[in-house]
Amino acid sequence: MLVSVSDLNWPDGDGDLNKMAKNEQSNGVNGGPVLPNGFRQLDTQVAGHQFEPTNSSSSSSIGLLQDPQKGYVLKPLGKPECGERELNFYESLARARAGDVKATGESNDLTLASLSPYVPRFYGHLKLAVNQREHTFIRLEDLTRGMLQPCVMDVKMGRRTWDPESSPHKRQVEEQKYVICKQKLGLCLPGFQVYLPTNSTNSSQEGDHSVILRHGKDYGKSLNVAGFKQTMALFFNASTSDSKAQAVGSEVLLREILRQLREILDWFKHQRQLHFYASSLLICYDGSQLSHAKSSMLPSDWIRVRMIDFAHVYPAENGQPDENYMFGLESLIEVVESIHHR
Ligand SMILES: Nc1ncnc2c1ncn2[C@@H]1O[C@H](COP(=O)(O)OP(=O)(O)OP(=O)(O)O)[C@@H](O)[C@H]1O
Ligand SMILES: O=P(O)(O)O[C@@H]1[C@H](O)[C@H](O)[C@@H](OP(=O)(O)O)[C@H](OP(=O)(O)O)[C@H]1O
């Protein structure tokens, strides 16, 4: 049984996620967006651009949609230059996968193709009407598909989150956000949600209950390094007071997260082709599997770490490795290792 934390007071008044947590599929009712049949707002979206009420002054802002029948998410292209870069990125990846070497030359294509396992699958783009206006969306694999208790964390990578074409103003705005975590760890936390068994909270309820805890960017911006690490431990259900079954589950989880993170780092160590600014890792796992996991079992598909958000991907300057991304990824691995070993 699930007890939603949206019944409780939000400690940091994180309005954006409160809005998303309710996420009523109202189709135009009470200021909700009017969506095409068969689509709904992505209720596991934890960060990024979101729907504004249709009666607000900035009603052009739209968030991700979900096609629950087919297991897709649909991401709106957003600002023209960002949308175009992201679509180009997915299309060149698809061409590289298909072995079309004409586009960039063979060895570049092989490098790009070898990134595919770490990126959501791409199913082209399409136009859909939202609030009676047509928007272009890219269609991606839903990384939370099939999960009964989707625990999702968006970790933005790198000390530098502005791209080479950013204006001085954009650089300044980016430099002033998430300052401590960005500078010390090369990481920031724009949002997450996690299902917590009530026996690891102060709740006095008994039985198989969970609460869902959601935090957005205001929370992420308030964190120092210790707070970041504590939040990661909470997200992985790795608190020391957990039951034996949960402790085993969380051990399996941490081991598998580390394996996937190290594979992505390995890709970065071998590539000199692209630099990823303001890109995120999306860490997803099914909280309902934690109490069933056995340490001898190989985790199946309930733990997924993927790179997302390619709105600011650029050709590598002077053929250099992406040190900025790797600095963040190495420190993320250290944080997860420190939770795993404690
Ligand atoms: N393939 C996916 N599967 C499941 N959820 C996804 C997927 N892609 C994105 N999301 C969800 O949507 C959120 C926003 O995604 P993304 O960062 O791509 O959007 P954005 O609007 O470009 O963000 P930003 O404002 O940081 O530029 C993620 O935090 C995640 O919750
Ligand atoms: O973390 P925050 O405070 O929400 O800041 C947003 C974040 O930096 C996004 O990456 C950025 O979108 P882009 O990457 O697409 O630039 C967005 O710019 P925007 O408001 O100009 O869309 C910012 O507002």
Side-chain angles (χ1 to χ4, degrees), residues 14-17 20-21 23 40-52 58 60-68 70-87 89-90 93 118-123 135 137-147 150-158 160-167 169-179 181-182 187-194 214-223 235 276-286 304-314:
D14 227 339
D16 290 333
L17 277 190
M20 287 202 293
N23 202 5
R40 59 186 201 201
Q41 292 180 58
L42 174 63
D43 57 7
T44 58
Q45 180 176 346
V46 296
H49 295 87
Q50 295 147 31
F51 284 96
E52 295 292 336
S58 56
S60 60
S61 171
I62 57 175
L64 275 82
L65 298 179
Q66 186 179 29
D67 178 343
K70 305 212 174 85
Y72 298 141
V73 298
L74 297 109
K75 179 176 171 175
L77 283 193
K79 284 174 280 184
E81 63 285 5
C82 293
E84 205 173 305
R85 270 193 300 264
E86 185 153 38
L87 180 58
F89 172 81
Y90 276 109
L93 195 59
Y118 316 120
V119 168
R121 279 185 162 267
F122 168 67
Y123 299 97
H135 297 265
F137 290 81
I138 49 175
R139 186 159 42 195
L140 301 169
E141 164 193 15
D142 178 358
L143 297 172
T144 61
R145 75 193 179 284
M147 294 189 183
C151 301
V152 183
M153 179 179 268
D154 184 315
V155 189
K156 203 180 258 200
M157 308 300 289
R160 173 179 154 180
T161 55
W162 44 270
D163 70 44
E165 292 180 300
S166 299
S167 66
H169 174 70
K170 173 73 174 173
R171 290 181 190 195
Q172 198 183 7
V173 170
E174 288 296 321
E175 294 295 337
Q176 285 167 354
K177 290 190 288 201
Y178 306 91
V179 179
C181 291
K182 220 189 247 185
L187 299 170
C188 51
L189 193 50
F192 71 98
Q193 70 170 35
V194 61
R214 293 169 65 96
H215 281 301
K217 61 189 175 189
D218 294 341
Y219 174 88
K221 286 173 184 174
S222 75
L223 292 174
F235 176 71
F276 297 78
Y277 300 100
S279 183
S280 290
L281 281 174
L282 198 69
I283 305 178
C284 309
Y285 72 92
D286 186 349
R304 302 172 192 145
V305 181
R306 301 288 187 277
M307 294 168 62
I308 61 159
D309 200 352
F310 305 108
H312 304 274
V313 175
Y314 281 74

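We number each residue from 1, following the sequence as shown. One-based numbering, in listed order, for ligands and for the atoms of each.
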Which atoms from ligand 1 have a heavy atom of Thr44 less than 4.0 Å away? 31 (O)
More than 12 heavy atoms of other groups within 6.0 Å of Glu81 CD: yes
Check the angle between the aromatic planes of Phe235 and Tyr285 and answer parallel, tilted or perpendicular using the 30° and 60° thresholds. perpendicular
If the plane angle is over 60° it's perpendicular, under 30° parallel, otherwise tilted; pick one for Tyr219 and His215. parallel
Report the nearest protein non-hydrogen atom to atom 15 (O) of ligand 1: residue, atom name, distance rounded to 0.1 Å. Ile308 CD1, 3.9 Å
Enumerate, one pair per line, all nitrogen or oxygen atoms of ligand 2 lying under 3.5 Å from a protein nitrogen or oxygen, stating the separation to 0.1 Å; write 'none' if no such pair exists.
residue: ligand 2; atom: 1 (O); partner: Tyr178; partner atom: OH; Å: 3.3
residue: ligand 2; atom: 3 (O); partner: Lys177; partner atom: NZ; Å: 3.4
residue: ligand 2; atom: 3 (O); partner: Lys221; partner atom: NZ; Å: 2.6
residue: ligand 2; atom: 4 (O); partner: Lys217; partner atom: NZ; Å: 3.0
residue: ligand 2; atom: 5 (O); partner: Lys177; partner atom: NZ; Å: 2.6
residue: ligand 2; atom: 8 (O); partner: Lys156; partner atom: NZ; Å: 3.4
residue: ligand 2; atom: 8 (O); partner: Glu174; partner atom: OE2; Å: 2.8
residue: ligand 2; atom: 8 (O); partner: Lys177; partner atom: NZ; Å: 3.0
residue: ligand 2; atom: 10 (O); partner: Lys156; partner atom: NZ; Å: 2.8
residue: ligand 2; atom: 14 (O); partner: His312; partner atom: NE2; Å: 2.7
residue: ligand 2; atom: 15 (O); partner: Lys79; partner atom: NZ; Å: 3.4
residue: ligand 2; atom: 16 (O); partner: Lys79; partner atom: NZ; Å: 2.8
residue: ligand 2; atom: 16 (O); partner: Lys170; partner atom: NZ; Å: 3.2
residue: ligand 2; atom: 21 (O); partner: Lys79; partner atom: NZ; Å: 3.0
residue: ligand 2; atom: 22 (O); partner: His49; partner atom: NE2; Å: 2.6
residue: ligand 2; atom: 22 (O); partner: Lys79; partner atom: NZ; Å: 3.2

What atoms in ligand 1 come closer than 4.0 Å to a heavy atom of Asp142? 3 (N), 4 (C)
Nearest heavy atom to atom 22 (O) of ligand 1 wins, so pick from Lys75, Arg139, His49. Lys75
Polar proximity ligand 1 side, Leu282 side, N/O cut 3.5 Å exclusive: no
So, Arg85 side chain and Ala311 main chain: donor-acceptor pair closer than 3.5 Å or not? yes
Considering only heavy atoms of Glu141, which atoms of ligand 1 have at least one such atom less than 4.0 Å away? 1 (N), 2 (C), 3 (N)
Distance from Arg214 atom CZ to Gln45 atom CD, nearest 0.5 Å? 9.0 Å
Between Gln50 and Gly48, is there a donor-acceptor pair closer than 3.5 Å when you use the side chain of the first and the backbone of the second? yes
Are the side chain of Glu86 and the backbone N or O of Leu77 linked by a donor-acceptor pair below 3.5 Å? no
Sorted by chain and residue number, the ring pair (Phe, Tyr, Trp, His ring centres under 6.0 Å) partners of Tyr72 (sequence neighbours excluded) come out as Tyr123
What's the shortest distance from atom 13 (C) of ligand 1 to any protein heavy atom, and which residue and atom give it? Ala47 O, 3.2 Å
Numbered atoms of ligand 1 (with element) below 4.0 Å of Leu64, judged on heavy atoms: 8 (N), 9 (C), 10 (N), 12 (O)
To which protein heavy atom is atom 11 (C) of ligand 1 closest, and what is the distance rounded to 0.1 Å? Leu42 CD2, 3.8 Å
Return the closest protein heavy atom for atom 31 (O) of ligand 1 as residue, atom name and distance. Val46 N, 2.9 Å
Taking distance alone, with N or O pairs closer than 3.5 Å, would you say Asp309 contacts ligand 1? yes
Distance-only N or O hit between ligand 1 and Thr144, under 3.5 Å: no
Distance from atom 3 (N) of ligand 1 to nearest protein heavy atom, with residue and atom: Leu143 N, 2.9 Å
Run the numbers for me: atoms of ligand 1, each under 4.0 Å from some heavy atom of Pro120, listed by number. 1 (N)
How about Arg121: does its CZ atom have over 12 heavy atoms from other parts shown lying under 6.0 Å from it? no
Residue and atom name of the nearest protein heavy atom (relative to atom 12 (O) of ligand 1), distance in Å to one decimal: Gln45 CG, 3.5 Å
Verify, without hydrogens or angle tests, whether Gln66 (side chain) and Arg40 (backbone) share a donor-acceptor contact under 3.5 angstrom. no
Residue, atom and distance of the protein heavy atom nearest atom 7 (C) of ligand 1 read Val73 CG2, 4.0 Å
Quiz question: by atom type and distance under 3.5 Å, do the side chains of Thr161 and Lys156 form a donor-acceptor pair? no
Scan side-chain atoms only and decide if Asp309 and Ser280 contain a donor-acceptor pair under the 3.5 Å cut-off. no
Set out, in order, the CA-CA distance, both residues' side-chain angles and the distance that settles side chain to side chain contact (heavy atoms under 4.5 Å, CB included) for Lys182 and Leu187, then state yes or no. CA-CA 5 Å; Lys182 220 189 247 185; Leu187 299 170; over 6 Å; no
Checking side chain to side chain contact (heavy atoms under 4.5 Å, CB included) between Ile308 and each of Leu140, Val73, Leu143, Val119, which is the one that passes? Leu143
Does at least one non-hydrogen atom of Lys156 fall below 4.0 angstrom from an atom of ligand 1? yes
Return yes if some donor-acceptor pair links the side-chain N/O of Glu174 with the main-chain N/O of Trp162 below 3.5 Å, else return no. no
Atom 29 (O) of ligand 1 has as its nearest protein heavy atom Asp154 OD2, 2.6 Å
